[in-house]
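Structure first, then comments.
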There are 2 protein chains.
Amino acid sequence: MAFSIGELSRRTAVKVPTIRYYEQIGLLPAAPRTDSNRRLYGQAEVDRLNFIRHSRELGFEIDDIRELLAMSEQPQSSCHTVDSIANSHLAEIDRRIASLTTLKAELARMISECGRGRVCDCRIIEVLADHGQCRSEHRQ
Amino acid sequence: MAFSIGELSRRTAVKVPTIRYYEQIGLLPAAPRTDSNRRLYGQAEVDRLNFIRHSRELGFEIDDIRELLAMSEQPQSSCHTVDSIANSHLAEIDRRIASLTTLKAELARMISECGRGRVCDCRIIEVLADHGQCRSEHRQ
DNA sequence: CTTGATCCTCTAGTCGCTAGAGGATTTAGC
DNA sequence: GCTAAATCCTCTAGCGACTAGAGGATCAAG
C-alpha cells in the first residue's frame, strides 16, 4: 500500500529531488515517515503528482497549479476560477503557437536557402540579424 | 555617432541591465567608456544586439547565439554549423508546436465543457488529473 | 555480513535575467 | 549658476523551477 519516494518517482516519472522540492515549497503535503525517517506515499500522492506533472507539461506555472489543486480539493465551489486560469493560459498558448509557427517557417526557409556556401551567403545569419545584407561590418 | 547604454536600449528594445549582463557574460564585447566611465556604443552594437534579441525571441539559447555570432564574424567559413544549430532548433520547435497544439485543443475542450457548474463537473480538473472521475479523494 | 542501492539533509549551482542599494554624473528648466 | 530629475555606475542578491553534490544513514540481496 505505502511505498517509497523512489517508487513514487517511478510511478509518476517525476524525479526524486523534484518530489522533495515540491514538498519543500508546499506543492505536496509533507509525507508521513517510517521509523527511519523515510517518506511514505500512497495512491493519492500518485494522483496529485500526476496532476502536477501534467499541468507542468502543459506549461502551467507552480502558482497556477496551486490554485488548480485548491480548486480540485473543493469540488463544491464554482469552477469560475479554474475556467479563468485555463482561459488566460489558452490565450498565452495561442500566442506561443503563433510565434513558434512564424519561427518555424523562418527557420525552415533559412535552412533551405542555406546552400553549401560560405556564411556570407547563408541567409540564417541575415534573417537573425534582421538585415538585408551580409554582416561583414562585424569583422572589425 | 556614439551613444549611451540607455540609447542603445531604446534602439534595440533590450533593457539596460540586460545589456550590462550580456557584456558581463561576454556576449557583447566590453564597451569603450567616456571619461566619466559611461559606456559608449555605435551602430555595430545595435546590429549585434538586434541579432541577439532576435535569436533569443526565436528561442535560441545564449550558447547557440555565441556560436552563431562566431559564425557571422567569420564569413569565410562554411555555414554547416549554422545550419545544424538551426536544424536541431527546428526539430525542437516542431515538438513544442505539436505539444502546444494538443494542449490548446484540450484546454479549449475543457473550457467549453466547463459549464457554470461545480468543480466536480468541471472537466478541466479531470483532464489535468488524467482521470476519468471526479477527484474527491483529494479532500481527505 | 558485506555490498550496493536507496534514502536522508543540507548547501550551492544552473539559466537568463531582474531588482535594489548606494553613489556619481549629466541634462533640463528656471 | 543652481537645483532637481534622469541617467549612469558597481555591487550584491533574488527569481523560478529545478539539479547536483557532499556526507551520512539505512535497507535489500546474495
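Just so it is clear: chains get the letters A, B, ... in the order the sequence lines come, proteins before strands, and each one is counted from 1.
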- Note on the structure: In whole angstroms, the gap separating C1' of C:dC7 from CD of A:E23 amounts to 13 Å

- Query: What integer distance in Å separates A:I5:CD1 from C:dT6:P?
  - Reply: 13 Å

- Query: Less than 3.5 Å between a donor and an acceptor, one on the side chain of B:R38 and one on the base of C:dT26, is that the case here?
  - Reply: no

- Query: At under 4.0 Å, does any side-chain N or O of A:S36 touch on OP1 or OP2 of D:dC27?
  - Reply: yes

- Item | B:R39 vs D:dT10: side-chain N/O to OP1/OP2 distance below 4.0 Å | yes

- Item | N/O (side chain, A:S4) to phosphate O (OP1/OP2, C:dT6) under 4.0 Å | no

- Would B:R56 and B:E61 pass as an ion pair if we require N to O under 4.0 Å? no

Tabulated below should be each protein N or O lying under 3.5 Å from an N or O of nucleotides 20-23 of chain D; please produce it.
none

- Query: Between A:R66 (CZ) and D:dA17 (C1'), how many Å, whole number?
  - Reply: 12 Å

- Task: May I have the distance from B:Q24 (atom CD) to D:dC9 (atom C1'), rounded to whole angstrom?
- Result: 14 Å

- Specify the separation, in whole Å, of atom CD1 of B:I19 and atom C1' of C:dT18. 14 Å

- Message: OP1 or OP2 of D:dT19 versus the side-chain N and O atoms of A:T18: is any pair under 4.0 Å?
- Response: yes

- Query: If you look at every strand shown and take non-hydrogen atoms under 4.0 Å, does A:R20 touch a base, only sugar-phosphate, or nothing?
  - Reply: base

- A:I52 CD1 to D:dC18 C1', straight-line distance once rounded to whole Å: 14 Å

- Task: Starting from P on D:dC15, measure out to CG on A:D63 and report it in whole angstrom.
- Result: 12 Å

- Message: When you measure from the side-chain N and O atoms of B:R33 to the phosphate of D:dT10, is any distance below 4.0 Å, counting only OP1 and OP2?
- Response: yes

- What's the closest nucleotide to the A:R56 side chain, out of C:dC7, C:dG16, D:dC18? D:dC18

- Rounded to whole angstroms, how far apart are CD1 on B:I65 and P on C:dC17? 8 Å

- Task: Kindly say if A:Y22 contacts the phosphate of D:dA17, meaning a side-chain N or O under 4.0 Å from OP1 or OP2.
- Result: no

- Say you draw a straight line from CG of A:D47 to CZ of A:F51; how long is it, rounded to the nearest 0.5 Å? 11.0 Å

- Query: Is the shortest heavy-atom distance from the side chain of A:H54 to the side chain of A:F60 under 4.5 Å?
  - Reply: no

- Note on the structure: Distance col, row B:L28:CG vs B:I19:CD1, nearest 0.5 angstrom, shows 7.5 Å

